[in-house]
Colleague: 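Handing you a structure now.
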Amino acid sequence: MAKDNNIQVTGNLTDNFRGYAVLLRKIKHRVLIAQQRAIYAANEEMLRMYWDVGEMLQQSQDADGWGKKTLQRLAVDLKNDYTDIKGFSVRNMQYMMQFFNEYNQELTMVKVATAPITKSLISQLENNPESITKSLVSQIGEYNFTLPVKHLDWTHNLVLIKQVKNIRARYWYMVQSITNHWTTRYLQEAIKLDDYGKHGALANNFTETLPAPEAGDVKSMLKDPYIFDMLTFTEQYNERDVEIGLVNHVEKFLVEMGAGFAFMGRQYHIEVSGDDYYIDILMYNAFLHRYLVIELKDTEFMPEYIGKLNFYCSAVDDILCREGDNRTIGLLLCKSKDRIKAEYALCDIQKPIGISDYELGQALPKDFRGSLPTIEEIEKELETK
């Protein structure tokens, strides 16, 4: 009987309390926040431990001059004492020392070696004080910002320490990894493709057409140039050939475009006032919640290209966008562009549009490829010498 009463009470509460679903969602959201904070706190504590261990190892090595065998012994002893912890391999302890030498104790700044004051430096200061001052100022400016080291896991930090020596580039990759949820593998691919070097160079009107936070997000999303090295053409080609090639290599195409992009279609059909139009490539970015209309051209930039792209952006905003979607972005990809012409063309355009170059892979001409020696010919040549 008591069991039936409980069922009845629960049923009455669910039926009568209209705000129950909202309340449940709020509580679950708060639990999720607590779980995420616990994960972040645990990650930060592990990074601090690795930094402290790296300091102990570095100071001990400086004092006693031991070599790799000491690390091997430590790895065995620590593994015996902490069977569930796998982070104390010889290689990882070497990385801990590198981690200690790279960052300060707060894990927010790169350590900058301070040069001792020598007679040579005093002489330089007396003879040319301005050059020394400029050098110091540039050094301060180079490192005068906080790095979000603690917000990345150990493997992301290792990739950045080993592969990205430019600190501003490292900062950029850190921010992208956090905001776009990059995996370690994706981060490595982005570094390999030099995503940092490609961002921020494209001609655009985002500052004039988008709110400040959105403009910054979109700028960081797009590149100049795009490298489509999966495509090679020995003969003449047109934009349709490039479109088909990108679709055939859609996985590599998405990697080059960046995190969060989904491929919506090639020659995407829209109808405006009874007429048919076809967008070269339509994409959607799940992180920024906006469509990206891509127009491909097999020529250098021409101002009239902007009008068509502006038209497509307006149509997509009106026809495809739903509640929660942000304004559509246009991206014009050309073989090359004159930046001044591009900026003039964008001056009074109301839709957010970027203009970028693209580069294809280099293919050997057929006649040149045929003149290359075969593997058998090379081996035969080597045997005779």
Colleague: Check the hydrophobic clustering (I, L, V, M, F, W, Y; side-chain heavy atoms under 4.5 Å; chains of links allowed) and say if Leu71 and Met56 are grouped together.
Modeller: no

Colleague: How far does NZ of Lys351 sit from CG of Leu210, to the nearest 0.5 angstrom?
Modeller: 10.0 Å

Colleague: Are Lys150 and Tyr40 in a cation-pi contact, defined as NZ or CZ under 6.0 Å from the six-membered ring centre and within 45° of the axis?
Modeller: no

Colleague: Please give me the minimum heavy-atom distance between Asn92 and Gly87, naming the atom from each residue.
Modeller: ND2-O, 2.6 Å

Colleague: More than 12 foreign heavy atoms under 6.0 Å from CD1 of Ile340: is that the case here?
Modeller: no

Colleague: Spell out, as yes or no, whether a donor-acceptor pair under 3.5 Å connects the side chain of Asn101 to the backbone of Met97.
Modeller: yes

Colleague: Please report the interatomic distance CG(Leu222) to CD1(Ile329), rounded to the nearest 0.5 Å.
Modeller: 7.5 Å

Colleague: Quick check: do Leu292 and Asn285 have side-chain heavy atoms less than 4.5 Å from each other?
Modeller: no

Colleague: Can you tell me how far apart CG (Leu346) and CD (Glu208) are? Round to the nearest 0.5 Å.
Modeller: 9.0 Å

Colleague: Where does the angle between the aromatic ring planes of Tyr196 and Tyr173 fall among parallel (under 30°), tilted (30 to 60°) and perpendicular (over 60°)?
Modeller: tilted

Colleague: Run the salt-bridge test on Arg185 and Glu189 with the 4.0 Å N-O cut-off and return the result as yes or no.
Modeller: no

Colleague: Check for me, please, whether Ile319 and Tyr268 land in the same ILVMFWY cluster - side-chain distances under 4.5 Å, paths through other members count.
Modeller: yes

Colleague: Given the rule in the side chain to side chain contact (heavy atoms under 4.5 Å, CB included) test, do Gln58 and Glu55 qualify, once you have shown the distances and angles that lead to the verdict?
Modeller: CA-CA 5 Å; Gln58 187 64 63; Glu55 181 183 27; 5.9 Å; no

Colleague: Side-chain heavy atoms under 4.5 angstrom apart, residues restricted to Ile, Leu, Val, Met, Phe, Trp, Tyr: same cluster for Val218 and Phe287?
Modeller: no

Colleague: Between Tyr50 and Phe88, what is the ring plane arrangement, given parallel below 30°, perpendicular above 60°, and tilted in between?
Modeller: perpendicular

Colleague: Is Asp348 atom CG crowded by more than 12 heavy atoms from other residues, nucleotides or ligands, each under 6.0 Å away?
Modeller: no

Colleague: Mind checking whether Thr184 and Leu158 have side chains closer than 4.5 Å, heavy atoms only?
Modeller: no

Colleague: Leu147 and Met109: side chain to side chain contact (heavy atoms under 4.5 Å, CB included), yes or no, with the steps?
Modeller: CA-CA 6 Å; Leu147 295 166; Met109 297 286 283; 5.9 Å; no

Colleague: Hydrophobic clusters here meaning ILVMFWY residues chained together by side-chain heavy-atom distances under 4.5 Å, can you tell me if Met49 and Ile39 are in one?
Modeller: no

Colleague: Can Arg290 and Glu214 be counted as an ion pair, charged N to O under 4.0 angstrom?
Modeller: yes

Colleague: So does His29 have more than 12 non-hydrogen atoms from other groups sitting under 6.0 Å from NE2?
Modeller: no

Colleague: Between Tyr284 and Asp325, does any side-chain donor sit less than 3.5 Å from a side-chain acceptor?
Modeller: yes

Colleague: Do Ile191 and Leu160 pass the side chain to side chain contact (heavy atoms under 4.5 Å, CB included) test, and can you show the C-alpha distance, the side-chain angles, and the key distance before you say yes or no?
Modeller: CA-CA 9 Å; Ile191 294 169; Leu160 291 166; 4.3 Å; yes

Colleague: Less than 4.5 Å apart, side chain to side chain, heavy atoms only: is that true for Leu332 and Lys337?
Modeller: no

Colleague: Does Tyr305 have Lys297 sitting over its ring (NZ/CZ under 6.0 Å from centre, angle to axis within 45°)?
Modeller: yes

Colleague: Are Ile294 and Met257 close enough that some pair of their side-chain heavy atoms sits under 4.5 Å apart?
Modeller: yes

Colleague: Determine whether Ile161 and Tyr103 make a side-chain contact, defined as any pair of heavy atoms from C-beta on separated by less than 4.5 Å.
Modeller: yes

Colleague: Please check if the side chain of His151 supplies one atom and the backbone of Met174 the other of a donor-acceptor pair under 3.5 Å.
Modeller: no

Colleague: How far apart are the closest heavy atoms of Ala315 and Ile270, and which atoms are they?
Modeller: CB-CD1, 3.7 Å

Colleague: Closest heavy-atom contact between Cys334 and Phe301?
Modeller: SG-CA, 3.8 Å

Colleague: Might you work through the side chain to side chain contact (heavy atoms under 4.5 Å, CB included) test for Val53 and Phe100, ending with a clear yes or no?
Modeller: CA-CA 8 Å; Val53 172; Phe100 161 74; over 6 Å; no

Colleague: Does a salt bridge link Lys341 with Glu300, judged by any charged N lying under 4.0 Å from a carboxylate O?
Modeller: no

Colleague: Within a strict 4.5 Å, meaning less than it, do heavy atoms of the Leu152 and Ser177 side chains meet?
Modeller: yes

Colleague: Check the surroundings of atom NZ in Lys162: do more than 12 heavy atoms from other residues, nucleotides or ligands lie under 6.0 Å from it?
Modeller: yes

Colleague: If I take atom CZ from residue Arg48 and atom CG from residue Asn43, how far apart are they, to the nearest 0.5 angstrom?
Modeller: 11.0 Å

Colleague: Please list all pairs passing the ring pair (Phe, Tyr, Trp, His ring centres under 6.0 Å) test where one or both residues lie in residues 308-344, with sequence neighbours left out.
Modeller: Tyr277-Phe311

Colleague: Is Tyr278 atom OH crowded by more than 12 heavy atoms from other residues, nucleotides or ligands, each under 6.0 Å away?
Modeller: yes

Colleague: Tyr291 and Cys321: which non-hydrogen atoms are nearest, and at how many Å?
Modeller: CD1-SG, 3.9 Å

Colleague: Which pair of heavy atoms, one from Leu187 and one from His156, lies closest together, and at what distance?
Modeller: CD2-CD2, 3.8 Å

Colleague: Are Phe99 and Tyr95, when compared by the centres of their aromatic rings, separated by less than 6.0 Å?
Modeller: no

Colleague: So does Val76 get a backbone contact from the side chain of Asn80, meaning a donor-acceptor N/O pair under 3.5 Å?
Modeller: yes

Colleague: Evaluate the side-chain proximity of Glu295 to Leu333: yes if any heavy-atom separation is below 4.5 Å, no if none is.
Modeller: no

Colleague: Between atom OG1 of Thr328 and atom CE of Met283, what is the distance when rounded to the nearest 0.5 Å?
Modeller: 14.0 Å

Colleague: Check for a donor-acceptor pair, side chain of Asn205 on one end and backbone N or O of Ile353 on the other, with a separation under 3.5 Å.
Modeller: yes

Colleague: Quick one: does any side-chain atom of Asp64 pair with a main-chain N or O of Trp66 as donor and acceptor, under 3.5 Å?
Modeller: no

Colleague: Is any side-chain heavy atom of Asp298 less than 4.5 Å from a side-chain heavy atom of Tyr358?
Modeller: yes

Colleague: Output the distance between atom CZ (Arg266) and atom CG (Leu282), rounded to the nearest 0.5 Å.
Modeller: 13.5 Å

